[in-house]
Asks: 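Mind looking over this structure? Questions follow.
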Amino acid sequence: MKSTIKKISNINVEKEEVIKSLRVDRSIVEMHMKRLTELFKTDTPQQIGQKLQNIIIRDNLFNVIMEEVARNYEVTFDEAELKDVIKRLEPQFQGRDEKVITEIAKKVITKTLIFQEIAKEWKINVNDQEVNDSLEQYYKFSNEPIRAYKEDKTKFEGIRNVMLEEKIANELIRRFSKIRLDHEAILKQFQDAAKRQQEAATTKTKVEETNTTKPKEETKK
């Protein structure tokens, strides 16, 4: 990457924090929902919903950890690289303010650079056998062809990079064990949100019924 990173302090994995509410981004949720629906075609809506909830919880936990980790680094962004990432993100975040997309792009670059540093410092890697095993498991699960991924070096390395990111994320979550979720508070947040949605749907239905049954005014002669 053309952007650069400099470590300014050591990562404190002893950080303590309790997460009592989750941040939910509608566009990200829609993206996860689409991916889950395509991947788990035989799952019920309830099963997909549970998987989605688990992803949201994990994303929130990971984001809090990354905010803590990022404080230990100083990033210098390459303008051309930043513009390229913004351009790639724009289709996913249509309608979003340009400043918001720019901040997301900066987070994407920062995460990539930090992950590269952590992989070297903590000696985390994914070997060829792990990639092949993952592809074989995917084939058994989905029955989708995997030959192209095995024979195309670019695609093979793409799978390796995804697996490496997942392994680093898991290691961060494992090491930052004192950052935890208040499951009762989060459950209440989901319940309150569901209640508000139900109330809004009920209100909308009543308004539509009222408009349907309301007698039309006689046309003035």
Side-chain angles (χ1 to χ4, degrees), residues 1-7 11 25 27-43 48 51-52 54-56 58-59 61-63 65-66 69-70 72-94 101-176:
M1 296 184 73
K2 295 179 180 179
S3 300
T4 59
I5 192 169
K6 177 183 177 183
K7 191 174 184 180
I11 299 173
D25 186 298
S27 57
I28 298 295
V29 170
E30 289 174 352
M31 182 179 68
H32 283 315
M33 178 62 82
K34 181 181 178 183
R35 183 175 63 84
L36 289 170
T37 303
E38 292 173 351
L39 189 58
F40 301 99
K41 296 177 182 178
T42 61
D43 277 16
I48 293 292
K51 286 183 172 69
L52 179 62
N54 292 340
I55 290 172
I56 292 171
R58 188 178 186 279
D59 281 353
L61 179 59
F62 175 72
N63 288 339
I65 291 171
M66 278 303 295
V69 171
N72 301 278
Y73 294 91
E74 186 177 89
V75 178
T76 302
F77 297 99
D78 177 82
E79 288 302 318
E81 187 170 58
L82 182 59
K83 287 180 181 178
D84 181 59
V85 175
I86 290 170
K87 186 176 180 180
R88 286 192 280 113
L89 288 173
E90 282 175 344
Q92 299 178 42
F93 298 97
Q94 289 181 357
I101 299 177
T102 299
E103 286 306 309
I104 295 172
K106 286 182 177 180
K107 287 182 179 180
V108 169
I109 293 172
T110 299
K111 175 190 167 186
T112 302
L113 291 170
I114 288 176
F115 271 30
Q116 289 175 354
E117 292 295 304
I118 288 176
K120 288 187 289 185
E121 185 177 341
W122 293 355
K123 295 180 174 55
I124 301 173
N125 60 73
V126 175
N127 59 42
D128 289 355
Q129 187 59 51
E130 288 176 288
V131 179
N132 281 312
D133 288 346
S134 177
L135 286 170
E136 291 295 338
Q137 286 296 319
Y138 176 73
Y139 174 72
K140 289 178 182 178
F141 175 77
S142 67
N143 205 31
E144 295 289 334
I146 58 174
R147 179 178 294 179
Y149 292 96
K150 289 193 171 187
E151 296 178 351
D152 187 314
K153 183 174 176 59
T154 300
K155 290 182 178 180
F156 190 86
E157 291 304 315
I159 298 297
R160 190 199 305 276
N161 289 335
V162 170
M163 292 179 65
L164 181 60
E165 284 200 2
E166 184 70 13
K167 188 178 279 193
I168 293 170
N170 287 338
E171 184 62 17
L172 280 167
I173 291 172
R174 187 188 72 81
R175 294 199 184 199
F176 277 88

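Basis for what follows: all heavy atoms, side chains included, without hydrogens, waters or symmetry-related copies.
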Asks: Are Glu171 and Arg174 within salt-bridge range, i.e. N to O under 4.0 Å?
Replies: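 Looking at Glu171 and Arg174, the cut-off is met.
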Asks: What distance do Ile48 atom CD1 and Met33 atom CE have between them, rounded to the nearest 0.5 Å?
Replies: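 The CE atom of Met33 is 7.0 Å from CD1 of Ile48, to the nearest 0.5 Å.
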Asks: Looking only at non-hydrogen atoms, find the nearest pair between Tyr139 and Glu144 and report the distance.
Replies: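 Closest pair (atom of Tyr139, atom of Glu144, distance): CD1-O, 3.1 Å.
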Asks: Phe77 and Ser3: which non-hydrogen atoms are nearest, and at how many Å?
Replies: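 Heavy-atom minimum between the residues: CA-OG, 3.6 Å.
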Asks: Is it the case that Arg58 and Asn170 place a side-chain donor and acceptor less than 3.5 Å from each other?
Replies: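 Indeed, the side chains of Arg58 and Asn170 share at least one donor-acceptor pair under 3.5 Å.
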Asks: Going by distance alone, is a donor N or O of one side chain under 3.5 Å from an acceptor N or O of the other, for Gln129 and Asp133?
Replies: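 Yes, a side-chain donor-acceptor pair sits under 3.5 Å.
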Asks: Return yes when atom NZ of Lys107 has more than 12 non-hydrogen atoms of other residues, nucleotides or ligands closer than 6.0 Å, and no otherwise.
Replies: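 Counting neighbours around NZ of Lys107, 12 or fewer heavy atoms of other residues, nucleotides or ligands fall under 6.0 Å, so no.
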Asks: Any side-chain heavy-atom pair from Trp122 and Arg175 closer than 4.5 angstrom?
Replies: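 The answer is yes; the side chains approach within 4.5 Å.
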Asks: Between atom NZ of Lys167 and atom CG of Leu172, what is the distance when rounded to the nearest 0.5 Å?
Replies: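 If I round to the nearest 0.5 Å, the distance is 13.5 Å.
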Asks: Decide yes or no on side-chain contact (heavy atoms from CB on, under 4.5 Å) for Asp25 and Val29, but give the supporting numbers first.
Replies: CA-CA 6 Å; Asp25 186 298; Val29 170; 5.8 Å; no
Asks: Taking the side chain as every heavy atom from C-beta outward, state whether Arg160 and Glu130 have any atom pair closer than 4.5 Å.
Replies: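 The answer is no, as the side chains (C-beta and beyond) never meet within the 4.5 Å cut-off.
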Asks: Might you work through the salt bridge (Lys or Arg N to Asp or Glu O under 4.0 Å) test for Lys140 and Glu136, ending with a clear yes or no?
Replies: CA-CA 6 Å; Lys140 289 178 182 178; Glu136 291 295 338; over 6 Å; no
Asks: For the pair Lys111 and Glu165, evaluate side-chain contact (heavy atoms from CB on, under 4.5 Å) and give the outcome as yes or no after the intermediate values.
Replies: CA-CA 10 Å; Lys111 175 190 167 186; Glu165 284 200 2; 3.4 Å; yes
Asks: Taking C-beta and beyond as the side chain, do Met1 and Gln116 meet within less than 4.5 Å on heavy atoms?
Replies: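 Result yes, sub-4.5 Å side-chain heavy-atom pair found.
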Asks: Report the residues that fulfil side chain to side chain donor-acceptor pair (under 3.5 Å) with Asn72, sequence neighbours left out, ordered by chain and then residue number.
Replies: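 Side chain to side chain donor-acceptor pair (under 3.5 Å) list for Asn72, sorted by chain: Ser9.
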Asks: Does the pair Met66 and Ile114 meet the rule for a side-chain contact (heavy atoms from CB on, under 4.5 Å), with working shown?
Replies: CA-CA 9 Å; Met66 278 303 295; Ile114 288 176; 4.1 Å; yes
Asks: Could you give me the CA-CA distance, side-chain angles and deciding distance for Lys6 and Thr76, then say whether side-chain contact (heavy atoms from CB on, under 4.5 Å) is met?
Replies: CA-CA 8 Å; Lys6 177 183 177 183; Thr76 302; over 6 Å; no
Asks: Please confirm whether the backbone N or O of Asp128 pairs with a side-chain atom of Asn132, one donor and one acceptor, at under 3.5 Å?
Replies: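 At least one qualifying donor-acceptor pair exists.
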Asks: Can you tell me if Tyr149 has over 12 outside heavy atoms packed within less than 6.0 Å of its OH?
Replies: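 For Tyr149, atom OH is not crowded (no more than 12 foreign heavy atoms under 6.0 Å).
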Asks: Would you say that Leu36 contacts Ile55 through its side chain, given a criterion of any heavy-atom pair below 4.5 Å between the two side chains?
Replies: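 Side chain of Leu36 against side chain of Ile55, heavy atoms only: contact under 4.5 Å found.
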Asks: Excluding sequence neighbours, so at least two apart, what forms side chain to side chain donor-acceptor pair (under 3.5 Å) with Glu121?
Replies: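 By the side chain to side chain donor-acceptor pair (under 3.5 Å) rule, Glu121 matches Lys7.
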Asks: Kindly compute the distance separating CG (Asp152) from CD (Glu157), expressed to the nearest 0.5 Å.
Replies: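 Rounded to the nearest 0.5 Å, the CG-CD separation comes to 10.5 Å.
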Asks: With rounding to the nearest 0.5 Å, note down the distance linking NZ in Lys83 to CD1 in Ile86.
Replies: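 Taking NZ in Lys83 and CD1 in Ile86, the distance rounds to 8.5 Å.
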Asks: I need the Ile109 CD1 to Lys2 NZ distance, nearest 0.5 Å.
Replies: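 Those atoms lie 11.5 Å apart.
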Asks: Are the side chains of Leu113 and Tyr73 in contact, using a 4.5 Å heavy-atom criterion?
Replies: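 Of all side-chain heavy-atom pairs linking Leu113 with Tyr73, none is under 4.5 Å.
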Asks: Kindly determine whether Lys87 and Glu90 satisfy salt bridge (Lys or Arg N to Asp or Glu O under 4.0 Å), including the steps that lead there.
Replies: CA-CA 5 Å; Lys87 186 176 180 180; Glu90 282 175 344; over 6 Å; no
Asks: Could you please spell out the steps behind the salt bridge (Lys or Arg N to Asp or Glu O under 4.0 Å) verdict for Glu38 and Arg35?
Replies: CA-CA 5 Å; Glu38 292 173 351; Arg35 183 175 63 84; over 6 Å; no
Asks: Just wondering, do Phe176 and Leu61 contact through their side chains at under 4.5 Å, heavy atoms?
Replies: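 Not in contact.
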Asks: For a 4.5 angstrom cut-off between non-hydrogen side-chain atoms, does Glu166 reach Val126?
Replies: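 They are not in side-chain contact.
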Asks: Quick one: pull up CD in Gln94 and CG in Leu89 and give me the separation to the nearest 0.5 Å.
Replies: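 Between atom CD of Gln94 and atom CG of Leu89 there are 12.5 Å.
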Asks: Search all heavy atoms of Asn125 against all heavy atoms of Leu164 and return the closest pair with its distance.
Replies: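 Closest heavy-atom pair between Asn125 and Leu164: CA-CD1, 3.8 Å.
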